Amino acid sequence: GNGGKDGGKGGNGGKDGDDGEGGEDGGRGKSGRMSGGGSRRSVLDTRPRSPVRMQPPKQLVYHPPIEQLQRSAGLRKQLAHELIRFSVDPTELNALNERVKEYHREKAASIDTDFCALHRMAIDGYDATAAAAATEARLVEREQRGDEVRARRAEVLRKLAARETRAEANERRKLAAAELVRRQSQQRKVLALLAVYTRLKHAWSEVLVIRTVHKIHIGQARSCRCIQRHWRGYAARVHFTRVQTALLLIQPRMRLWVRRKKLRDGAKFITNFLEGVAAGNEVIRRLHALRKACCVIQTAFRSAFRTMNDQLVAFVMHWNIYERYTHASRAEMKKRKEGTTEAKKLKGGFKVFNKKDYVELEAREMIPEPIKYKLVAKFLKARRKQRKQDYDEYLVDIDTWKKNSRHEAKMDMAKSVLEGKHVVLEEVEARMQAKKPQRRWRRMLMSVDELFKLHHDGEKAWEDESTFQDDAFGALLKLNRT
């Protein structure tokens with residue numbers, strides 16, 4: 001029951017609820033005994049309500065790498081044997097759990113210290129006897145006040161219960177029973193959570209033990225690596241010292257032998273060169289001539305059969321984009337003359353990356369591909385000829401510069417010496433390099449002027465071909481009529 005001293009009147013069973021107080025009160029006591037007794041499960045019963053054992057979450061369960069530890073040696077292998085022994089022997093596992101619990105109890109007892117009492121004892125002039133007497137007096141006075149308050153409360157409750165009707169008593173008992181059921185349900189939930197927390201705490205303590213063993217193993221592995229690193233460094237230093245000592249002994253003798261060998265080889269090479277220089281000059285001259293001829297043939301071959309077709313395709317694609325730009329600019333100029341448009345859309349002239357702004361044309365509106373390929377091939381041949389002329393002029397300029405630069409450098413150095421100035425070879429060389437002729441480079445694709453001229457020639461050739469075709473078809477029609 002949940003009543004006080006007069007719990008028999010409340011209907012839940014208390015100190016006086018066994019016998020009641022006669023009449024209606026006695027019936028209430030009996031009902032209190034019935035509600036308080038019986039085979040109902042007690043709130044303090046902590047036995048599990050279901051045969052299914054609660055398990056901790058999977059992410060909190062630590063699975064030790066037993067197979068990996070078994071393949072190791074030393075402390076790792078010993079740890080694997082201990083884990084297997086605990087997993088197959090419940091007695092050893094229970095003993096380990098008891099040792100862990102005893103450790104936690106000792107740790108909790110070691111920190112259970114009344115620091116407030118120690119602080120009060122440290123104050124100067126503190127009288128422990130007087131403080132204990134004052135505390136005892138306060139407790140006695142508090143107990144007396146509590147007895148008086150409880151007595152007044154019992155008297156008030158007795159008077160209130162005497163005025164209570166049967167319906168009110170039944171309603172009060174129903175409410176008390178509902179409150180009891182609610183409290184019991186709440187207590188069961190709390191106990192279930194407590195059981196889950198206890199098991200999780202036990203599992204976590206096991207995880208901590210395993211992690212502690214794992215940390216010990218990691219520390220030992222680090223120590224082993226440190227020792228191995230220092231030992232390898234020591235061995236490397238000893239080996240280096242031995243090699244250095246050997247080199248100090250071998251190096252002077254080796255240098256002497258190398259010097260003598262170089263002298264012998266040099267004498268031999270000079271003798272062989274002087275013997276074969278007469279016959280070798282003609283052979284070398286012919287080899288150089290043959291090499292130059294091969295380079296010329298390879299250059300012509302690569303230019304004609306490897307890059308010519310690719311250049312033709314690239315130049316024709318470039319021309320197609322320029323042709324779209326030409327049609328778009330002519331259409332825009334026509335609209336501006338007619339007054340149908342004012343804003344200028346094509347700004348900045350012809351640019352390849354602006355091809356999306358140009359109008360798409362059909363094949364019949366563009367210059368035929370054969371005419372374009374023919375004109376582009378002609379243009380490439382002319383450009384190749386001009387490039388050869390530029391390169392020949394560049395070689396002539398280089399030879400002239402080499403001849404003049406030596407003379408100018410000598411004259412400049414002589415002038416500086418006569419004037420008493422300090423001669424810096426780097427500055428003289430820099431001035432000579434500044435006068436070196438540069439090779440003329442041309443862009444790979446056609447410029448806008450070249451595209452304009454080529455497009456003009458293409459339109460003229462297309463017009464001539466169209467005129468020739470019209471004349472030919474007219475002549476054929478006259479022949480058919482006759």
Side-chain angles (χ1 to χ4, degrees), residues 293 296-392 440 442-482:
V296 173
I297 294 170
Q298 289 177 356
T299 304
F301 175 80
R302 291 169 183 171
S303 176
F305 296 98
R306 188 185 67 177
T307 62
M308 190 67 178
N309 294 332
D310 299 337
Q311 289 181 355
L312 286 173
V313 174
F315 276 51
V316 169
M317 291 174 64
H318 194 197
W319 190 354
N320 291 335
I321 299 173
Y322 179 78
E323 189 172 5
R324 289 167 53 189
Y325 163 75
T326 304
H327 279 268
S329 60
R330 289 175 181 175
E332 183 179 358
M333 187 179 298
K334 183 178 179 181
K335 289 182 181 179
R336 293 183 66 185
K337 287 183 179 180
E338 295 175 355
T340 57
T341 181
E342 296 181 359
K344 188 176 180 181
K345 297 181 180 179
L346 302 176
K347 298 180 180 180
F350 171 69
K351 295 179 181 178
V352 178
F353 53 82
N354 290 337
K355 64 179 182 179
K356 60 180 181 299
D357 299 333
Y358 306 147
V359 182
E360 293 287 345
L361 299 177
E362 296 181 0
R364 59 185 180 82
E365 298 177 356
M366 301 176 66
I367 300 174
E369 295 289 338
I371 296 176
K372 290 183 179 179
Y373 277 102
K374 183 178 179 181
L375 293 176
V376 168
K378 184 178 179 182
F379 172 78
L380 289 176
K381 289 179 181 179
R383 173 179 279 189
R384 190 177 294 108
K385 185 177 180 181
Q386 183 63 35
R387 187 183 294 112
K388 185 177 182 301
Q389 293 178 0
D390 295 342
Y391 184 69
D392 292 341
R440 185 177 180 182
R442 298 181 183 273
R443 56 178 296 169
M444 183 62 187
L445 294 177
M446 295 179 287
S447 62
V448 178
D449 297 335
E450 293 173 345
L451 280 170
F452 176 77
K453 184 177 181 305
L454 201 62
H455 185 68
H456 178 72
D457 296 342
E459 288 182 339
K460 185 177 179 181
W462 190 19
E463 184 178 356
D464 295 343
E465 185 177 354
S466 300
T467 304
F468 173 75
Q469 290 177 359
D470 293 340
D471 294 342
F473 283 127
L476 289 175
L477 287 175
K478 287 182 182 179
L479 289 175
N480 289 333
R481 289 174 183 174
T482 58

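Excluded from the calculations below are hydrogen atoms, water molecules and symmetry mates; all remaining heavy atoms, backbone and side chain alike, are included. Starting from 1, each residue takes its place in the sequence as its number. Quantities reported herein were computed from a predicted structural model and do not represent experimental measurements.
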For M317 and I321, run side-chain contact (heavy atoms from CB on, under 4.5 Å): C-alpha distance rounded to whole Å, both residues' side-chain angles, the deciding distance at 0.1 Å, then the answer. CA-CA 7 Å; M317 291 174 64; I321 299 173; 5.8 Å; no

Please report the interatomic distance CG(L375) to CG(L312), rounded to the nearest 0.5 Å.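 Result: 11.5 Å between the selected atoms.
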
Report the C-alpha separation of F379 and M446 in whole Å, then their side-chain angles, then the decisive distance to 0.1 Å, and conclude whether the side-chain contact (heavy atoms from CB on, under 4.5 Å) test is met. CA-CA 10 Å; F379 172 78; M446 295 179 287; 3.5 Å; yes

Criterion side-chain contact (heavy atoms from CB on, under 4.5 Å) on K381 and R384, from CA distance to verdict: CA-CA 5 Å; K381 289 179 181 179; R384 190 177 294 108; 4.3 Å; yes

Given side-chain contact (heavy atoms from CB on, under 4.5 Å), test H327 with E323 step by step and report yes or no. CA-CA 6 Å; H327 279 268; E323 189 172 5; 3.9 Å; yes

Just distance, no hydrogens or angles: give the donor-acceptor pairs under 3.5 Å from side chains in residues 461-468, sequence neighbours left out.
residue	atom	partner	partner atom	Å
E465	OE2	Q469	NE2	3.4
S466	OG	W462	O	2.9
T467	OG1	E463	O	2.9

D457 and K453: salt bridge (Lys or Arg N to Asp or Glu O under 4.0 Å), yes or no, with the steps? CA-CA 6 Å; D457 296 342; K453 184 177 181 305; 3.5 Å; yes

Please name all residues satisfying salt bridge (Lys or Arg N to Asp or Glu O under 4.0 Å) with K337, sequence neighbours left out, ordered by chain then number.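 So K337 forms no salt bridge (Lys or Arg N to Asp or Glu O under 4.0 Å) with any residue.
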
Parallel, tilted or perpendicular: which describes the rings of F350 and Y325, with under 30° parallel and over 60° perpendicular?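 Tilted.
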
For the student: nearest non-hydrogen atoms of [X] and [Y], plus distance:
X    : Y    : value
K372 : I367 : CE-O, 3.4 Å
L454 : W319 : O-CZ2, 3.3 Å
R324 : L361 : CA-CD1, 4.1 Å

